[in-house]
Amino acid sequence: MALKIFFFFFLALLVLNTNASDLCASGSDGDLSVIPIYGKCSPFTAPKSESWVNTVIDMASKDPARIKYLSTLAAQKTVAAPIASGQQVLNIGNYVVRVQLGTPGQVMYMVLDTSNDAAWAPCSGCTGCSATTFSSNYSSTFATLDCSKPQCSQARGLSCPTTGNADCLFNQTYGGDSSFSATLVQDSLHLGTDVIPNFSFGCISSASGSSIPPQGLMGLGRGPLSLISQSGSLYSGLFSYCLPSFKSYYFSGSLKLGPAGQPKLIRTTPLLHNPHRPSLYYVNLTGISVGRVLVPISPEHLAFDPNTGAGTIIDSGTVITRFVSPVYTAVRDEFRKQVGGSFSPLGAFDTCFATSNEVSAPGITFHLSGLDLKLPMENSLIHSSAGSLACLAMAAAPNNVNSVLNVIANLQQQNHRILFDITNSKLGIARELCN
């Protein structure tokens, strides 16, 4: 009997390791692995002293900076910003995708970001960058872009002379922490077996500070320099992802580009367009239920207003869902009322309670136009590393930011298929276990 148990245990480990190895592959036909930043398939390693929950708490502590950035995007005539002032928050990239740049392709693990447009990567010779850089000298398809090219007129933050042609240059600072200089360039982008020629991205030549994603960023926003826009008809303005849990060390999610392999039956909600924040994916959040109680929330705190930027977005780079203070307070108070007992804070979470009360924890449902997103407990609660506390995995927008945005973040999206149909202005959500 003992021998049989050992055999099955060994077999399970073999299957697990084999599957994990397969999931590290780059994918094919527009289907790529989405990797937690500290997952097995990622080249990045978490601090050894931290548990996964402490790592999440650390990542969530950077959310306020990102909320500030998302909330203060200024109205502008152009619709993309490859390198925009204030993007120091991008170091919180929680998921990466494996891509290849150049010919032949050079592997880069780039942060997945739905609220930004352009891609950018550290290039060879870069001072202050990570050890892994893109070597343009080894690519036969690399080219710089000068200021006469239309891509330069689609971006802001460029430095171009008033007369004559010169490269599209960027020189941005990140508050007092980080800065970098870059050039807008073109090269082939390899996504699994797909190739996008003449893909425009920022090539970083120098950097300082600790806030820049080590191997760059892939923008999946709605502007003309985003991956979806630059892919033309290849992906038909359609993509989806399934994000695995942060604690799923051995498993990857997936990024599906184009119509192939997308769920046929999926409930959708309209995507709203804000001309002042054109890269962001706004949805119409009409209400929130805690258990069977529809929380009383004044409509103006949920209403979409393109003039002020108010409303609700879905974002891959924010860790925990953030609501404007009146909304969060109403949701939190109803949650506490139904759980009962006493509460304590833990990091970014202000509603933590003994796990012995978890049986009383109510489910939370986001009501969107046309669909309801009912959160499983794993998407609404997070547990302390000791396992003695369970915390409501949401928070208020920081009170030192004039935020009018509600943000549905990646912890609440995990193990769901999120479908972005830009062409038809729809967003779909369906439960899918991608751990």
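All residue numbers refer to positions in the sequence shown, counting from 1.
Sulfur-to-sulfur, Cys203 and Cys123 sit under 2.5 Å apart at their SG atoms.
Distance alone, capped at 3.5 Å, places no donor-acceptor pair between the Ser229 side chain and the Leu225 backbone. Side chain of Gln106 to backbone of Ser135: a donor-acceptor contact under 3.5 angstrom is found. When atom types are taken as modelled, the side chain of Thr318 and the backbone of Asp315 share no donor-acceptor pair closer than 3.5 angstrom. Side-chain atoms of Ser139 never come within 3.5 Å of backbone atoms of Gly102 as a donor-acceptor pair (strictly under, hydrogens ignored). The backbone N or O of Ser206 lies less than 3.5 Å from no partner atom in the side chain of Ser181, so there is not a single donor-acceptor pair. Not a single donor-acceptor pair under 3.5 Å links the side chain of Ser240 to the backbone N or O of Arg417. A donor-acceptor pair is defined here as one N or O able to donate and one able to accept, closer than 3.5 Å; no such pair exists between the side chain of Asp305 and the backbone of Ala310. Proximity of a side-chain donor or acceptor of Thr269 to a complementary backbone N or O of Leu368 within less than 3.5 Å is not detected. Of the possible polar contacts, one joining the Asp113 side chain to the Ser115 backbone as a donor-acceptor pair under 3.5 Å is found. Under a 3.5 Å cut-off, the side chain of Arg322 and the backbone N or O of Val407 do not form any donor-acceptor pair.
Considering CG of Asp187 and CG of Asn198, their distance stands at 8.5 Å, rounded to 0.5 Å. Rounding to the nearest 0.5 Å gives a distance of 11.0 Å between CG of Leu272 and CG of Leu285. Atom CG of residue Asp421 and atom CG of residue Leu271 lie 8.0 Å apart, to the nearest 0.5 angstrom. Here Leu191 contributes atom CG and Asp31 contributes atom CG; the two are 11.5 Å apart, rounded to the nearest 0.5 Å. Separating the CE atom in Met108 from the CZ atom in Arg98 is a distance of 12.0 Å, to the nearest 0.5 Å. For the atom pair OG (Ser279) and CD1 (Ile313), the distance works out to 10.5 Å, reported to the nearest 0.5 Å.
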>> Test ring-ring contact (aromatic ring centres under 6.0 Å, His included) on Tyr241 and Tyr95; report intermediate values, then the result.
In response: CA-CA 11 Å; Tyr241 58 64; Tyr95 294 95; 8.0 Å; no
> Between Val324 and Leu302, is a side-chain contact (heavy atoms from CB on, under 4.5 Å) present by the stated rule, with each step listed?
Replying inline: CA-CA 9 Å; Val324 295; Leu302 298 178; over 6 Å; no
> Taking it one step at a time, do Leu346 and Ser384 satisfy side-chain contact (heavy atoms from CB on, under 4.5 Å)?
Replying inline: CA-CA 8 Å; Leu346 177 66; Ser384 65; 4.0 Å; yes
> Would Asp350 and Tyr328 count as a side-chain hydrogen bond (donor to acceptor under 3.5 Å, both in side chains) if you check the C-alpha gap in whole Å, the side-chain angles of each, and the deciding distance to 0.1 Å?
Replying inline: CA-CA 11 Å; Asp350 68 0; Tyr328 175 70; 2.5 Å; yes
> Should Leu227 and Leu257 be marked as a side-chain contact (heavy atoms from CB on, under 4.5 Å) after you check the CA-CA gap, both sets of side-chain angles, and the distance that decides it?
Replying inline: CA-CA 10 Å; Leu227 168 62; Leu257 299 163; 4.2 Å; yes
>> Applying side-chain contact (heavy atoms from CB on, under 4.5 Å) to Met110 and Val96, what does each step give before you reach the verdict?
In response: CA-CA 5 Å; Met110 305 180 80; Val96 294; over 6 Å; no
> When you look at Thr365 and Ser289, which way does the side-chain hydrogen bond (donor to acceptor under 3.5 Å, both in side chains) test go after all the steps?
Replying inline: CA-CA 5 Å; Thr365 303; Ser289 290; 5.6 Å; no
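The two residues Asp146 and Cys168 have their closest heavy-atom pair at O-SG, 3.5 Å. Gln412 approaches Val319 most closely through the heavy-atom pair OE1-O, 4.3 Å. When every heavy atom of Tyr282 is checked against every heavy atom of Arg277, the shortest pair comes out as OH-CD, 3.3 Å. A pairwise comparison of heavy atoms in Phe349 and Ala393 identifies CE2-CA, 3.8 Å as the closest pair. When all heavy atoms are compared, the tightest approach of His301 to Asn406 is O-ND2, 3.1 Å. Across all their heavy atoms, His273 and Phe304 have their closest contact at O-CZ, 3.5 Å.
With a 4.5 Å cut-off on side-chain heavy atoms, His367 and Asn284 do not count as touching. Residues Cys434 and Ser254 fail the side-chain proximity criterion, which asks for heavy atoms closer than 4.5 Å. The closest side-chain heavy-atom distance from Ile288 to Ile297 is below 4.5 Å. Using a 4.5 Å cut-off on side-chain heavy atoms (C-beta onward), Leu101 and Phe142 make no contact. Contact annotation: the side chain of Leu392 approaches that of Ile364 to within less than 4.5 Å [non-hydrogen atoms, C-beta and beyond]. The closest side-chain heavy-atom distance from Ser344 to Cys352 is below 4.5 Å. Side-chain atoms of Val99 and Tyr109, non-hydrogen and from C-beta on, never get closer than 4.5 Å to each other. Side-chain contact between Cys391 and His383 is absent, with no heavy-atom pair separated by less than 4.5 Å.
Of the candidates Leu371, Val283, Thr268, Ile429 forms a side chain to side chain contact (heavy atoms under 4.5 Å, CB included) with just one, namely Leu371.
By the 30° and 60° cut-offs, the orientation of the rings of Tyr281 relative to Phe239 is perpendicular.
Salt bridge status for Lys256 with Glu432: absent, with no side-chain N to carboxylate O gap under 4.0 Å.
Ring-centre distance between Phe366 and Phe323: below the 6.0 Å cut-off.
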